Amino acid sequence: MALKQNKNLLQYPLQEKDDNDALSYWLSNTSTLIFLLQRNLKPSGVSTTPQRRYPGSVTLIGRMTQGFKSPSNHGSSGTGGTFGAHEGIQQVEAKYPAILFKQQVTTYLEKIYGILRENVKKDIGPLLSLCIQAPRMSRASMSKGSRSPNMIGATQQVLSSHWHSIIKILNSLLSKLRANHVPPLLVCKLFTQVFSFINVQLFNSLLLRRECCSFSNGEYIKSGLAELEQWICEASEQYAGTSWDELRYIRQAVGFLVIHQKAKKTLDEIMQDICPVLTVQQLYRISTMYWDDKYGTQSVSREVFASMKMMMTRSSQNASANTFLLDDDTSIPFSVDELTKGMSDVDLSDVETPPLLRDISAFHFLQENT
């Protein structure tokens, strides 16, 4: 009965799929619950050294783990201050109900994380399609070198508006995650995958649309990437993690678009210094589609094109080498062990049974010894 009530309770956040604030709240709570279960349950058959028990009231998590014990062990109880091994609570041997409950919580955590991640992608996706190509007015002003102050101001405003909208979405998400005390590890993983998505969408669009592979358009995208870099720095490594590195494909592709004197560059210089992460197929694609709408310069030399074709011929037997597009990462980028090791202890000595559970008979054991 208790597990059924828990399952019904855990299904609640899945009904609020469009509310990122509510999803952040449940992401925080489910991750904390997993942390508590991980710290207070031990695998069946594993012996542990009895821990010292301290006088005082039993914590909420202590009462929860007692409720999952087998009938023969229900009489023993642990007491203490903070939860887990640090509070003096003796770990409970995991029985089937507790193992099943932990699996259910883990499943819901992954679902909530995935829904939140896809919500952010859905919000950012339409803006990325606008960020991949500079507005016509902006491209014209950049290519013609307009000197009108009013035109320059209007151009800069148009150039930055779509990127600023993305920054606004990122700020809103970070604010909600922090307000709901989502573990920094999950925040970091989430933003890393969001920036990986941005990289994939921009890079693939660039290599599929010739009109985007111009010199001035490269400058437009480069200015937007600078906005994202500033946001990552302000968010700090704790929350943004390796997000800047996730943009390496689009950064290097844009770097190729805006570099001068392409015809004088050797293939080694391009592959080792300018675009070290890009494959020869990707380099050939962007080189053939490049056009300079600002200075009228040419792409790479004929010798470089010939070398690229030769390399692609040699690698043509490898099926994976024939594609130049990137794949989006939709995996769950963390494990329960990684999550719990990255979370800090919380003092639960004064935590009372939530009112929502207090009136449910299946959870009356949580109020024992309070």
Side-chain angles (χ1 to χ4, degrees), residues 2-16 20 22-44 46 48 58-69 78 80-87 89-117 176-193 238-239 241 331-349 351 353-354 356-357 362-363 365-366:
L3 288 176
K4 184 178 180 180
Q5 294 287 355
N6 273 300
K7 186 175 182 179
N8 292 335
L9 184 64
L10 290 172
Q11 286 178 337
Y12 179 74
L14 302 183
Q15 301 173 4
E16 301 181 292
N20 288 347
L23 290 171
S24 299
Y25 169 83
W26 286 106
L27 188 65
S28 175
N29 279 273
T30 52
S31 60
T32 301
L33 184 52
I34 288 177
F35 178 79
L36 298 176
L37 293 171
Q38 185 82 346
R39 287 292 182 91
N40 289 274
L41 296 177
K42 67 179 180 180
S44 180
V46 177
T48 57
V58 182
T59 63
L60 176 63
I61 190 59
R63 300 193 296 276
M64 287 183 66
T65 52
Q66 289 173 33
F68 288 131
K69 289 182 181 182
T82 57
F83 59 78
H86 303 288
E87 64 166 305
I89 293 180
Q90 187 173 8
Q91 285 187 311
V92 178
E93 183 175 339
K95 301 296 182 181
Y96 173 72
I99 295 175
L100 178 60
F101 178 65
K102 182 180 175 183
Q103 291 173 345
Q104 290 176 340
V105 176
T106 302
T107 298
Y108 282 110
L109 171 67
E110 294 176 350
K111 286 183 178 180
I112 295 168
Y113 175 91
I115 293 172
L116 184 57
R117 179 189 60 200
K176 291 173 181 177
L177 293 170
R178 294 183 64 178
N180 286 285
H181 306 287
V182 175
L185 174 69
L186 290 183
V187 178
C188 184
K189 296 290 186 180
L190 180 58
F191 278 114
T192 298
Q193 285 196 305
Q238 181 183 23
Y239 297 112
S331 65
I332 299 298
F334 58 86
S335 64
V336 171
D337 287 340
E338 183 182 12
L339 174 62
T340 54
K341 288 178 181 178
M343 293 179 65
S344 302
D345 287 347
V346 180
D347 189 353
L348 295 179
S349 57
V351 176
T353 304
L356 183 63
L357 303 181
F363 291 95
F365 69 89
L366 295 179

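Remember, it's a predicted structure, so these values are computed and weren't measured experimentally.
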Quick check for you: to the nearest 0.5 Å, what is the distance between [X] atom [atom1] and [Y] atom [atom2]?
X	Y	atom1	atom2	answer
I112	T30	CD1	OG1	4.5 Å
K341	L185	NZ	CG	12.0 Å
H181	S24	NE2	OG	12.0 Å
F101	T106	CZ	OG1	9.5 Å
L33	L37	CG	CG	4.5 Å
L27	L177	CG	CG	7.0 Å

Legend entry - Contacts of type side chain to side chain donor-acceptor pair (under 3.5 Å), residue S331, not counting sequence neighbours: D329
Legend entry - ring pair (Phe, Tyr, Trp, His ring centres under 6.0 Å) involving F334 - partner list, sequence neighbours excluded: Y113
Inset, instruction - Check each of N29, I332, I34 against L109 using the side chain to side chain contact (heavy atoms under 4.5 Å, CB included) test, and report the only one that passes. - result: I34
Would you say the side chain of [Y] lies within less than 4.5 Å of the side chain of [X], judging by non-hydrogen atoms?
X	Y	value
Q238	V187	no
L339	S31	yes
L100	Q103	yes
D337	Q38	yes

Legend entry - Any pair counted as salt bridge (charged side-chain N to carboxylate O under 4.0 Å, His left out), so long as it reaches residues 180-189, sequence neighbours left out: K189-E338
